[in-house]
Protein chains: 2
Amino acid sequence: MRLFKSSEYAIRCLVFMAISECDLCPVQQLATELNIPFKFLGRLMGRLRAAGFVESVRGKHGGYRIAKPLEKIRLEAIIDTVEGLDTYDRCILGFDRCDEENPCPLHDFWKSPKAGIQEMMAQVTLADMVQAKGKKLS
Amino acid sequence: MRLFKSSEYAIRCLVFMAISECDLCPVQQLATELNIPFKFLGRLMGRLRAAGFVESVRGKHGGYRIAKPLEKIRLEAIIDTVEGLDTYDRCILGFDRCDEENPCPLHDFWKSPKAGIQEMMAQVTLADMVQAKGKKLS
DNA sequence: TCTATATTCTACCCGGAGGTAGACATTGCG
DNA sequence: CGCAATGTCTACCTCCGGGTAGAATATAGA
Ligand code: SF4
Ligand code: SF4
(Lines give C-alpha, C1' and ligand atoms only; values in the text may rest on other atoms or scores of the structure.)
(Ligands and ions follow the chains in the order given, each with its own letter.)
Protein backbone atom coordinates (compact mmCIF):
# COMPACT_ATOMS: atom_id res chain seq x y z
CA MET A 1 0.00 0.00 0.00
CA ARG A 2 1.65 3.16 -1.17
CA LEU A 3 -0.02 6.53 -1.10
CA PHE A 4 1.73 9.21 -3.11
CA LYS A 5 3.80 11.52 -0.98
CA SER A 6 1.41 14.25 -2.05
CA SER A 7 -1.54 12.38 -0.58
CA GLU A 8 0.28 11.94 2.71
CA TYR A 9 1.06 15.65 2.75
CA ALA A 10 -2.55 16.58 1.99
CA ILE A 11 -3.96 14.40 4.76
CA ARG A 12 -1.46 15.62 7.31
CA CYS A 13 -2.07 19.26 6.44
CA LEU A 14 -5.82 18.95 6.58
CA VAL A 15 -5.73 17.22 9.95
CA PHE A 16 -3.26 19.79 11.24
CA MET A 17 -5.47 22.69 10.16
CA ALA A 18 -8.53 21.03 11.62
CA ILE A 19 -6.82 20.58 14.97
CA SER A 20 -4.98 23.89 14.99
CA GLU A 21 -6.15 26.75 17.15
CA CYS A 22 -5.47 29.45 14.63
CA ASP A 23 -7.91 30.27 11.88
CA LEU A 24 -5.55 30.88 8.98
CA CYS A 25 -2.48 28.72 8.45
CA PRO A 26 0.21 30.11 6.13
CA VAL A 27 2.06 27.55 4.01
CA GLN A 28 5.27 28.46 5.82
CA GLN A 29 3.78 27.29 9.12
CA LEU A 30 2.46 24.04 7.68
CA ALA A 31 5.75 23.32 5.97
CA THR A 32 7.78 23.97 9.11
CA GLU A 33 5.56 22.19 11.61
CA LEU A 34 4.92 19.16 9.42
CA ASN A 35 8.37 19.04 7.84
CA ILE A 36 7.19 19.30 4.24
CA PRO A 37 9.11 21.09 1.43
CA PHE A 38 7.77 24.65 1.38
CA LYS A 39 7.56 25.32 -2.34
CA PHE A 40 6.20 21.89 -3.08
CA LEU A 41 3.45 22.30 -0.49
CA GLY A 42 2.56 25.67 -1.98
CA ARG A 43 1.50 24.03 -5.20
CA LEU A 44 -0.29 21.20 -3.44
CA MET A 45 -2.36 23.62 -1.36
CA GLY A 46 -3.36 25.38 -4.54
CA ARG A 47 -4.81 22.13 -5.81
CA LEU A 48 -6.65 21.51 -2.56
CA ARG A 49 -8.10 24.99 -2.91
CA ALA A 50 -9.18 24.35 -6.50
CA ALA A 51 -10.88 21.18 -5.30
CA GLY A 52 -12.77 23.10 -2.65
CA PHE A 53 -11.28 21.52 0.47
CA VAL A 54 -9.66 24.76 1.63
CA GLU A 55 -9.94 28.45 0.91
CA SER A 56 -7.14 30.98 0.85
CA VAL A 57 -6.56 34.54 1.94
CA ARG A 58 -3.82 36.38 0.13
CA GLY A 59 -1.52 39.10 1.36
CA LYS A 60 0.01 39.68 4.76
CA HIS A 61 -1.51 37.58 7.54
CA GLY A 62 -3.06 35.40 4.89
CA GLY A 63 -3.04 31.63 4.66
CA TYR A 64 -5.35 28.68 4.26
CA ARG A 65 -8.36 27.43 6.18
CA ILE A 66 -10.63 24.47 5.75
CA ALA A 67 -13.66 25.36 3.68
CA LYS A 68 -16.11 22.53 4.38
CA PRO A 69 -17.60 20.75 7.37
CA LEU A 70 -15.07 18.16 8.56
CA GLU A 71 -17.52 15.30 8.26
CA LYS A 72 -17.98 16.05 4.57
CA ILE A 73 -14.32 15.56 3.70
CA ARG A 74 -13.81 11.87 3.00
CA LEU A 75 -10.43 10.22 2.73
CA GLU A 76 -11.46 8.94 -0.67
CA ALA A 77 -12.13 12.44 -1.92
CA ILE A 78 -8.73 13.69 -0.78
CA ILE A 79 -6.89 10.83 -2.45
CA ASP A 80 -8.98 11.17 -5.58
CA THR A 81 -8.10 14.85 -5.84
CA VAL A 82 -4.39 14.40 -5.29
CA GLU A 83 -3.50 11.18 -7.09
CA GLY A 84 -6.70 9.80 -8.57
CA LEU A 85 -8.42 6.54 -7.71
CA ASP A 86 -7.44 4.60 -10.84
CA THR A 87 -4.95 2.41 -9.05
CA TYR A 88 -7.54 1.37 -6.52
CA ASP A 89 -10.09 0.31 -9.09
CA ARG A 90 -7.68 -1.53 -11.35
CA CYS A 91 -6.60 -3.92 -8.66
CA ILE A 92 -3.79 -6.26 -7.82
CA LEU A 93 -2.97 -7.80 -11.20
CA GLY A 94 -3.95 -4.69 -13.10
CA PHE A 95 -6.42 -6.08 -15.62
CA ASP A 96 -8.82 -3.61 -17.14
CA ARG A 97 -11.91 -5.72 -17.26
CA CYS A 98 -12.31 -8.74 -15.05
CA ASP A 99 -15.28 -9.94 -13.09
CA GLU A 100 -16.43 -12.85 -10.95
CA GLU A 101 -16.97 -14.86 -14.13
CA ASN A 102 -13.43 -14.48 -15.39
CA PRO A 103 -11.17 -13.70 -12.45
CA CYS A 104 -7.41 -13.93 -12.04
CA PRO A 105 -5.78 -16.53 -9.76
CA LEU A 106 -5.55 -14.02 -6.94
CA HIS A 107 -9.11 -12.79 -7.01
CA ASP A 108 -10.52 -14.87 -4.18
CA PHE A 109 -7.58 -14.12 -1.91
CA TRP A 110 -7.51 -10.45 -2.73
CA LYS A 111 -11.25 -9.78 -2.57
CA SER A 112 -11.49 -9.25 1.15
CA PRO A 113 -8.39 -7.09 1.71
CA LYS A 114 -9.45 -4.97 -1.25
CA ALA A 115 -12.91 -4.48 0.18
CA GLY A 116 -11.36 -3.50 3.51
CA ILE A 117 -9.30 -0.76 1.91
CA GLN A 118 -12.14 0.60 -0.19
CA GLU A 119 -14.52 0.65 2.75
CA MET A 120 -12.02 2.52 4.87
CA MET A 121 -11.41 5.14 2.23
CA ALA A 122 -15.12 5.60 1.61
CA GLN A 123 -16.10 5.79 5.29
CA VAL A 124 -13.40 7.72 7.11
CA THR A 125 -13.82 11.49 7.15
CA LEU A 126 -11.64 14.31 8.38
CA ALA A 127 -13.90 14.53 11.42
CA ASP A 128 -13.10 10.90 12.26
CA MET A 129 -9.39 11.55 11.97
CA VAL A 130 -9.60 14.59 14.21
CA GLN A 131 -11.45 12.62 16.85
CA ALA A 132 -9.06 9.66 16.65
CA LYS A 133 -6.77 9.32 19.62
CA GLY A 134 -3.62 9.25 17.45
CA LYS A 135 -2.26 12.74 16.72
CA LYS A 136 1.15 12.05 15.24
CA LEU A 137 1.59 14.24 12.17
CA SER A 138 5.32 14.33 11.63
CA MET B 1 -2.92 -0.79 -3.77
CA ARG B 2 -0.45 -0.74 -6.58
CA LEU B 3 1.93 -3.55 -7.31
CA PHE B 4 4.78 -2.64 -9.63
CA LYS B 5 4.18 -3.77 -13.17
CA SER B 6 7.19 -6.05 -12.67
CA SER B 7 5.49 -7.80 -9.75
CA GLU B 8 2.36 -8.36 -11.80
CA TYR B 9 4.49 -9.80 -14.60
CA ALA B 10 6.37 -12.09 -12.21
CA ILE B 11 3.19 -13.47 -10.65
CA ARG B 12 1.52 -14.02 -13.99
CA CYS B 13 4.56 -15.78 -15.42
CA LEU B 14 5.02 -18.05 -12.44
CA VAL B 15 1.37 -19.08 -12.46
CA PHE B 16 1.51 -19.62 -16.21
CA MET B 17 4.56 -21.84 -15.95
CA ALA B 18 3.02 -23.77 -13.08
CA ILE B 19 -0.13 -24.43 -15.06
CA SER B 20 1.56 -25.00 -18.41
CA GLU B 21 1.92 -28.47 -19.85
CA CYS B 22 5.39 -27.95 -21.23
CA ASP B 23 8.47 -28.28 -19.10
CA LEU B 24 10.57 -25.41 -20.39
CA CYS B 25 9.00 -22.06 -21.27
CA PRO B 26 11.11 -19.71 -23.45
CA VAL B 27 10.72 -16.01 -22.73
CA GLN B 28 9.29 -15.55 -26.20
CA GLN B 29 6.38 -17.80 -25.35
CA LEU B 30 5.70 -16.12 -22.01
CA ALA B 31 5.88 -12.68 -23.58
CA THR B 32 3.50 -13.60 -26.39
CA GLU B 33 0.95 -15.54 -24.38
CA LEU B 34 0.84 -13.11 -21.49
CA ASN B 35 1.27 -9.96 -23.56
CA ILE B 36 4.39 -8.71 -21.79
CA PRO B 37 7.25 -6.78 -23.50
CA PHE B 38 9.77 -9.40 -24.56
CA LYS B 39 13.05 -7.71 -23.73
CA PHE B 40 11.75 -6.36 -20.45
CA LEU B 41 10.60 -9.80 -19.39
CA GLY B 42 13.99 -11.22 -20.28
CA ARG B 43 15.65 -9.15 -17.58
CA LEU B 44 12.90 -9.87 -15.07
CA MET B 45 13.23 -13.62 -15.57
CA GLY B 46 16.93 -13.28 -14.93
CA ARG B 47 16.18 -11.78 -11.56
CA LEU B 48 13.69 -14.51 -10.73
CA ARG B 49 16.41 -17.01 -11.58
CA ALA B 50 18.95 -15.24 -9.36
CA ALA B 51 16.40 -15.38 -6.55
CA GLY B 52 15.97 -19.11 -7.02
CA PHE B 53 12.33 -19.19 -8.10
CA VAL B 54 13.13 -20.52 -11.56
CA GLU B 55 16.04 -22.16 -13.33
CA SER B 56 17.10 -21.67 -16.92
CA VAL B 57 18.39 -23.77 -19.79
CA ARG B 58 20.31 -21.89 -22.42
CA GLY B 59 20.60 -22.54 -26.12
CA LYS B 60 18.12 -23.96 -28.56
CA HIS B 61 15.04 -25.48 -26.95
CA GLY B 62 16.00 -23.72 -23.77
CA GLY B 63 13.81 -21.67 -21.49
CA TYR B 64 12.74 -21.37 -17.88
CA ARG B 65 11.11 -23.76 -15.46
CA ILE B 66 10.03 -23.40 -11.86
CA ALA B 67 12.77 -24.54 -9.50
CA LYS B 68 10.96 -25.04 -6.19
CA PRO B 69 7.87 -26.81 -4.87
CA LEU B 70 4.88 -24.58 -5.59
CA GLU B 71 3.82 -24.49 -1.97
CA LYS B 72 7.17 -23.00 -1.00
CA ILE B 73 6.78 -19.93 -3.22
CA ARG B 74 4.92 -17.33 -1.20
CA LEU B 75 3.42 -14.18 -2.72
CA GLU B 76 5.40 -12.16 -0.21
CA ALA B 77 8.67 -13.66 -1.43
CA ILE B 78 7.90 -12.85 -5.04
CA ILE B 79 7.01 -9.25 -4.27
CA ASP B 80 10.02 -8.88 -2.00
CA THR B 81 12.33 -10.07 -4.75
CA VAL B 82 10.88 -7.85 -7.44
CA GLU B 83 10.08 -4.57 -5.70
CA GLY B 84 10.97 -4.99 -2.03
CA LEU B 85 8.63 -4.89 0.92
CA ASP B 86 9.57 -1.45 2.22
CA THR B 87 6.36 0.19 1.10
CA TYR B 88 4.30 -2.39 2.95
CA ASP B 89 6.10 -1.89 6.24
CA ARG B 90 6.18 1.90 6.10
CA CYS B 91 2.46 2.22 5.93
CA ILE B 92 -0.19 4.69 4.99
CA LEU B 93 1.25 7.98 6.25
CA GLY B 94 4.82 6.88 5.69
CA PHE B 95 6.34 7.56 9.11
CA ASP B 96 9.51 5.68 9.91
CA ARG B 97 8.86 4.89 13.51
CA CYS B 98 5.41 4.90 14.99
CA ASP B 99 3.73 2.51 17.38
CA GLU B 100 0.53 2.03 19.33
CA GLU B 101 1.77 4.64 21.82
CA ASN B 102 2.28 7.37 19.28
CA PRO B 103 0.09 6.65 16.29
CA CYS B 104 -1.10 8.85 13.45
CA PRO B 105 -4.76 9.85 13.09
CA LEU B 106 -5.38 7.04 10.64
CA HIS B 107 -3.84 4.22 12.64
CA ASP B 108 -7.00 2.73 14.10
CA PHE B 109 -8.81 2.85 10.79
CA TRP B 110 -5.91 1.49 8.83
CA LYS B 111 -4.86 -1.27 11.20
CA SER B 112 -7.30 -3.91 10.03
CA PRO B 113 -6.98 -3.41 6.24
CA LYS B 114 -3.21 -3.42 6.65
CA ALA B 115 -3.30 -6.70 8.56
CA GLY B 116 -5.51 -8.18 5.85
CA ILE B 117 -3.00 -7.36 3.15
CA GLN B 118 -0.02 -8.60 5.08
CA GLU B 119 -1.73 -11.83 6.01
CA MET B 120 -2.68 -12.48 2.42
CA MET B 121 0.84 -11.90 1.17
CA ALA B 122 2.33 -14.09 3.87
CA GLN B 123 -0.13 -16.96 3.43
CA VAL B 124 -0.87 -17.33 -0.25
CA THR B 125 1.53 -19.56 -2.18
CA LEU B 126 1.92 -20.36 -5.85
CA ALA B 127 0.21 -23.68 -5.15
CA ASP B 128 -2.84 -21.80 -3.85
CA MET B 129 -2.96 -19.65 -6.95
CA VAL B 130 -2.71 -22.66 -9.22
CA GLN B 131 -5.58 -24.34 -7.43
CA ALA B 132 -7.73 -21.22 -7.43
CA LYS B 133 -10.64 -21.37 -9.83
CA GLY B 134 -9.66 -18.07 -11.52
CA LYS B 135 -7.25 -18.57 -14.38
CA LYS B 136 -7.23 -15.22 -16.14
CA LEU B 137 -3.62 -14.26 -16.87
CA SER B 138 -3.90 -11.66 -19.57
C1' DT C 1 30.66 -27.18 -38.96
C1' DC C 2 26.93 -24.07 -39.59
C1' DT C 3 22.51 -22.17 -38.45
C1' DA C 4 18.52 -21.22 -35.81
C1' DT C 5 16.90 -20.56 -31.33
C1' DA C 6 17.76 -19.49 -26.74
C1' DT C 7 19.54 -16.84 -22.53
C1' DT C 8 22.39 -13.02 -20.88
C1' DC C 9 24.54 -8.52 -20.63
C1' DT C 10 25.01 -3.56 -21.40
C1' DA C 11 23.55 0.82 -22.81
C1' DC C 12 20.17 3.92 -23.71
C1' DC C 13 15.36 6.47 -23.89
C1' DC C 14 10.80 8.15 -21.87
C1' DG C 15 7.38 9.87 -18.63
C1' DG C 16 5.82 11.01 -14.22
C1' DA C 17 6.41 11.98 -9.09
C1' DG C 18 8.94 14.70 -6.09
C1' DG C 19 11.49 18.80 -5.33
C1' DT C 20 13.83 23.60 -6.12
C1' DA C 21 14.12 28.51 -7.74
C1' DG C 22 12.52 32.76 -8.89
C1' DA C 23 9.37 36.17 -10.56
C1' DC C 24 4.89 38.17 -9.80
C1' DA C 25 0.53 39.59 -7.45
C1' DT C 26 -1.94 40.82 -3.32
C1' DT C 27 -2.58 42.93 1.09
C1' DG C 28 -1.83 44.61 6.11
C1' DC C 29 0.46 48.02 8.50
C1' DG C 30 3.84 51.48 10.04
C1' DC D 1 3.68 55.47 0.23
C1' DG D 2 6.72 51.58 0.89
C1' DC D 3 8.03 47.42 3.03
C1' DA D 4 7.20 42.80 4.53
C1' DA D 5 4.50 38.76 4.44
C1' DT D 6 1.79 36.07 2.03
C1' DG D 7 -0.40 33.17 -2.10
C1' DT D 8 0.20 32.16 -7.26
C1' DC D 9 2.45 30.91 -11.47
C1' DT D 10 6.04 29.01 -14.55
C1' DA D 11 10.20 26.76 -15.56
C1' DC D 12 13.44 23.60 -14.50
C1' DC D 13 15.98 19.60 -12.15
C1' DT D 14 16.55 14.63 -10.40
C1' DC D 15 15.38 9.93 -9.66
C1' DC D 16 13.34 5.70 -10.87
C1' DG D 17 10.06 2.38 -13.00
C1' DG D 18 9.02 0.88 -17.41
C1' DG D 19 10.47 -0.07 -22.01
C1' DT D 20 13.66 -0.58 -26.30
C1' DA D 21 17.91 -2.01 -28.95
C1' DG D 22 21.60 -4.71 -29.95
C1' DA D 23 25.51 -7.49 -29.25
C1' DA D 24 27.50 -11.55 -26.92
C1' DT D 25 27.07 -16.29 -25.51
C1' DA D 26 25.37 -21.10 -25.48
C1' DT D 27 23.49 -25.20 -27.58
C1' DA D 28 20.47 -28.61 -30.30
C1' DG D 29 20.24 -30.44 -34.54
C1' DA D 30 20.74 -30.63 -39.73
S1 SF4 E 1 -9.71 -10.91 -11.16
FE2 SF4 E 1 -10.20 -9.92 -9.19
S3 SF4 E 1 -8.21 -9.77 -8.08
FE4 SF4 E 1 -7.73 -10.22 -10.22
S5 SF4 E 1 -7.34 -8.18 -11.14
FE6 SF4 E 1 -9.56 -8.66 -11.50
S7 SF4 E 1 -10.68 -7.78 -9.76
FE8 SF4 E 1 -8.48 -7.84 -9.21
S1 SF4 F 1 0.60 5.33 13.17
FE2 SF4 F 1 -0.19 3.35 12.40
S3 SF4 F 1 -1.32 3.85 10.49
FE4 SF4 F 1 -0.08 5.67 11.01
S5 SF4 F 1 1.81 5.40 9.79
FE6 SF4 F 1 2.21 4.50 11.85
S7 SF4 F 1 1.70 2.29 11.69
FE8 SF4 F 1 0.80 3.37 9.89
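So that the names make sense, note that chain A is the first sequence line, chain B the second, and so on, each numbered from 1. Side chains included, hydrogens not; waters and symmetry mates left out as well; all remaining heavy atoms used.
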Just checking B:G42: base, sugar-phosphate only, or nothing, at a heavy-atom cut-off of under 4.0 Å? nothing

Assign each of A:P26 and B:F38 to its nearest nucleotide of DNA chain D by heavy atoms, then name whichever residue's nucleotide is nearer the 5' end. A:P26

For nucleotides 27-29 of chain D, which of its nitrogen or oxygen atoms have a protein nitrogen or oxygen under 3.5 Å away, and what is each distance?
unit_1	atom_1	unit_2	atom_2	d
D:dT27	O2	B:K60	N	3.4

Answer yes or no: is there a side-chain heavy-atom contact under 4.5 Å between B:E83 and B:Y88? yes

Determine whether A:Q29 and A:F16 make a side-chain contact, defined as any pair of heavy atoms from C-beta on separated by less than 4.5 Å. yes

Test item: A:L106 and B:V124 side chains (from C-beta on) under 4.5 Å apart, heavy atoms: yes

Trace of the side-chain contact (heavy atoms from CB on, under 4.5 Å) decision for A:M120 with A:L75: CA-CA 8 Å; A:M120 188 204 71; A:L75 191 51; 3.6 Å; yes

Take atom CG of A:N35 as the centre, draw a 6.0 Å sphere, and report whether it contains more than 12 heavy atoms from other residues, nucleotides or ligands. no

Below 4.0 Å: OP1/OP2 of D:dG17 and any side-chain N or O of B:S6: no

Once you apply a heavy-atom cut-off of 4.0 Å, does A:K39 come out as touching a base, just sugar-phosphate, or nothing? base

In this structure, how many angstroms lie between the C1' atom of D:dC16 and the NZ atom of B:K5, rounded? 15 Å

Nearest-Å distance, CZ (A:R2) to C1' (C:dG18)? 14 Å

Just how far, in rounded Å, is P of D:dG17 from CG of B:D86? 11 Å

Measure the distance from CG on A:L24 to P on C:dT26 and round it to the nearest whole Å. 18 Å

Return the value, rounded to whole Å, for the distance between atom CZ of A:R47 and atom C1' of D:dG7. 17 Å

Could you give the OH-to-P distance, from A:Y64 to D:dG7, as a whole number of Å? 6 Å

Taking atom C1' of D:dG18 as reference, at what distance in whole Å does atom CE of B:M45 sit? 18 Å

May I have the distance from A:R65 (atom CZ) to D:dT6 (atom P), rounded to whole angstrom? 15 Å

So does A:R43 reach the base of C:dG18 with its side chain, donor to acceptor, closer than 3.5 Å? no

Would you list the pairs meeting side chain to side chain donor-acceptor pair (under 3.5 Å) in which at least one residue belongs to residues 127-138 of chain A, sequence neighbours left out? A:T125-A:D128, A:K133-B:D108

Tell me, yes or no, whether the heavy-atom count around A:K72 atom NZ, taken from other residues, nucleotides or ligands under 6.0 Å, exceeds 12. no

Output for pair (A:D86 CG, B:R2 CZ), nearest 0.5 Å, gives 10.5 Å

Taking only the side-chain heavy atoms of B:V27 (C-beta and beyond), determine which of C:dT20, C:dT7, D:dG19 contains the nearest atom. C:dT7

Side chain of A:F40 - closest among D:dG17, C:dT7, C:dG19: C:dG19

Nearest-nucleotide 5' precedence on DNA chain C, B:G63 against A:F4: B:G63

Does OP1 or OP2 of D:dT8 have a side-chain N or O of A:S56 closer than 4.0 Å? yes

For the side chain of B:Y9, starting at C-beta, report the closest nucleotide among D:dG18, D:dG19, C:dA6. D:dG19

